[in-house]
Amino acid sequence: QVQLVESGGGLVQAGGSLRLSCAASGRTFSTVVMGWFRQAPGKEREAVAAISRNGMNIYYLDSVKGRFTISRDNVKKTVDLQMNSLKPEDTAIYYCAADLSGYSWSIRTTTNEYDYWGQGTQVTVSS
């Protein structure tokens, strides 16, 4: 079992920055693949970024490359998403997710590959 709690969402103007954080509990964090997803109204949930257990493999959605950075701290049991140069189209509910399978270098980029989800945090970017 893994429990996930996101924080750091809010309202920001276009061009601004936000840092999302996800705190995990319930399992050795270094054994868990982590990802950040988002879901905008009327759209499917999509993977924004993912990071392997060992932090060596990282995935980014094309539209956020160069603007978002995912990182993890296996001691603090947190995974963060630094979001810079935010755009109105980044507006969505952001979720962190955990997967218990795979190898140390594995990453996961689809919703059905993840076992546990946080409650989500709203990010709103005004134009």
Side-chain angles (χ1 to χ4, degrees):
Q1 289 280 344
V2 176
Q3 292 79 43
L4 304 171
V5 179
E6 302 101 334
S7 61
L11 173 65
V12 65
Q13 289 187 332
S17 299
L18 282 174
R19 187 175 184 89
L20 306 182
S21 185
C22 175
S25 61
R27 186 181 174 98
T28 303
F29 189 66
S30 60
T31 66
V32 180
V33 177
M34 298 299 298
W36 281 99
F37 286 72
R38 69 185 180 189
Q39 188 166 20
K43 295 187 177 181
E44 291 187 355
R45 191 171 298 189
E46 63 182 355
V48 175
I51 187 166
S52 61
R53 295 178 186 178
N54 61 12
M56 297 300 292
N57 281 337
I58 290 176
Y59 161 84
Y60 292 108
L61 183 68
D62 282 347
S63 61
V64 309
K65 285 180 180 177
R67 300 188 297 122
F68 290 12
T69 302
I70 188 171
S71 61
R72 67 186 294 159
D73 187 324
N74 286 348
V75 174
K76 295 180 179 178
K77 299 184 178 181
T78 58
V79 59
D80 292 348
L81 186 68
Q82 177 66 43
M83 305 186 295
N84 298 328
S85 302
L86 283 161
K87 304 175 181 180
E89 51 264 43
D90 294 317
T91 295
I93 299 174
Y94 283 70
Y95 300 89
C96 71
D99 169 48
L100 308 183
S101 63
Y103 298 100
S104 61
W105 59 86
S106 300
I107 55 173
R108 303 282 186 252
T109 60
T110 61
T111 56
N112 60 1
E113 294 178 296
Y114 284 87
D115 305 302
Y116 298 95
W117 295 83
Q119 81 287 353
T121 185
Q122 177 71 48
V123 171
T124 303
V125 184
S126 63
S127 57

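Given the structure is predicted, the values throughout are model-derived calculations rather than measurements.
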Of the non-hydrogen atoms in [X] and [Y], which two are nearest, and what is the gap between them?
X: Pro88; Y: Ala14; answer: CD-CB, 4.1 Å
X: Thr109; Y: Glu113; answer: N-OE1, 3.1 Å
X: Val32; Y: Ala98; answer: CG1-CB, 3.3 Å
X: Val33; Y: Ile107; answer: CG1-CA, 4.0 Å
X: Val2; Y: Ala24; answer: CG1-CB, 4.4 Å

**Request:** Go through the steps for Gln82 and Asp80 under the test side chain to side chain donor-acceptor pair (under 3.5 Å), then give the verdict.
**Result:** CA-CA 6 Å; Gln82 177 66 43; Asp80 292 348; over 6 Å; no
Checklist entry - Of the options Gln119, Arg45, Arg38, which is the one that meets Tyr95 in a side chain to side chain contact (heavy atoms under 4.5 Å, CB included)? => result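 That would be Arg45.
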- prompt: Once the angle between the rings of Tyr114 and Phe37 is folded into 0 to 90°, is it parallel (under 30°), tilted (30 to 60°) or perpendicular (over 60°)?
  reply: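 Rings of Tyr114 and Phe37: perpendicular, as their planes differ by over 60°.
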Just wondering, do [Y] and [X] contact through their side chains at under 4.5 Å, heavy atoms?
X: Ser104; Y: Met56; answer: no
X: Met34; Y: Leu4; answer: yes
X: Tyr60; Y: Ile70; answer: yes
X: Glu6; Y: Leu20; answer: no

Would you give the length of the straight line joining atom [atom1] of [X] to atom [atom2] of [Y], rounded to the nearest 0.5 angstrom?
X: Asp99; Y: Tyr116; atom1: CG; atom2: OH; value: 10.0 Å
X: Leu11; Y: Thr124; atom1: CG; atom2: OG1; value: 6.0 Å
X: Leu81; Y: Thr121; atom1: CG; atom2: OG1; value: 11.0 Å
X: Ser106; Y: Asn54; atom1: OG; atom2: CG; value: 9.0 Å
X: Arg53; Y: Leu100; atom1: CZ; atom2: CG; value: 8.0 Å
X: Ser71; Y: Arg19; atom1: OG; atom2: CZ; value: 5.0 Å

Do you reckon [X] sits in the same ILVMFWY cluster as [Y], going by side-chain contacts under 4.5 Å, direct or chained?
X: Ile93; Y: Trp36; answer: no
X: Val48; Y: Trp117; answer: no
X: Tyr94; Y: Val5; answer: no
X: Trp105; Y: Ile51; answer: no

What do you reckon, is CD of Gln13 surrounded by more than 12 foreign heavy atoms closer than 6.0 Å?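 Count not over threshold, so no.
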Salt-bridge criterion met for Lys87 and Asp90 (N-O under 4.0 Å) = no
**Asked** Checking Thr78 side chain against Ala23 main chain: does a donor-acceptor pair fall under 3.5 Å?
**Response**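 Not at all, since once roles are kept as given, no pair shorter than 3.5 Å links the two residues.
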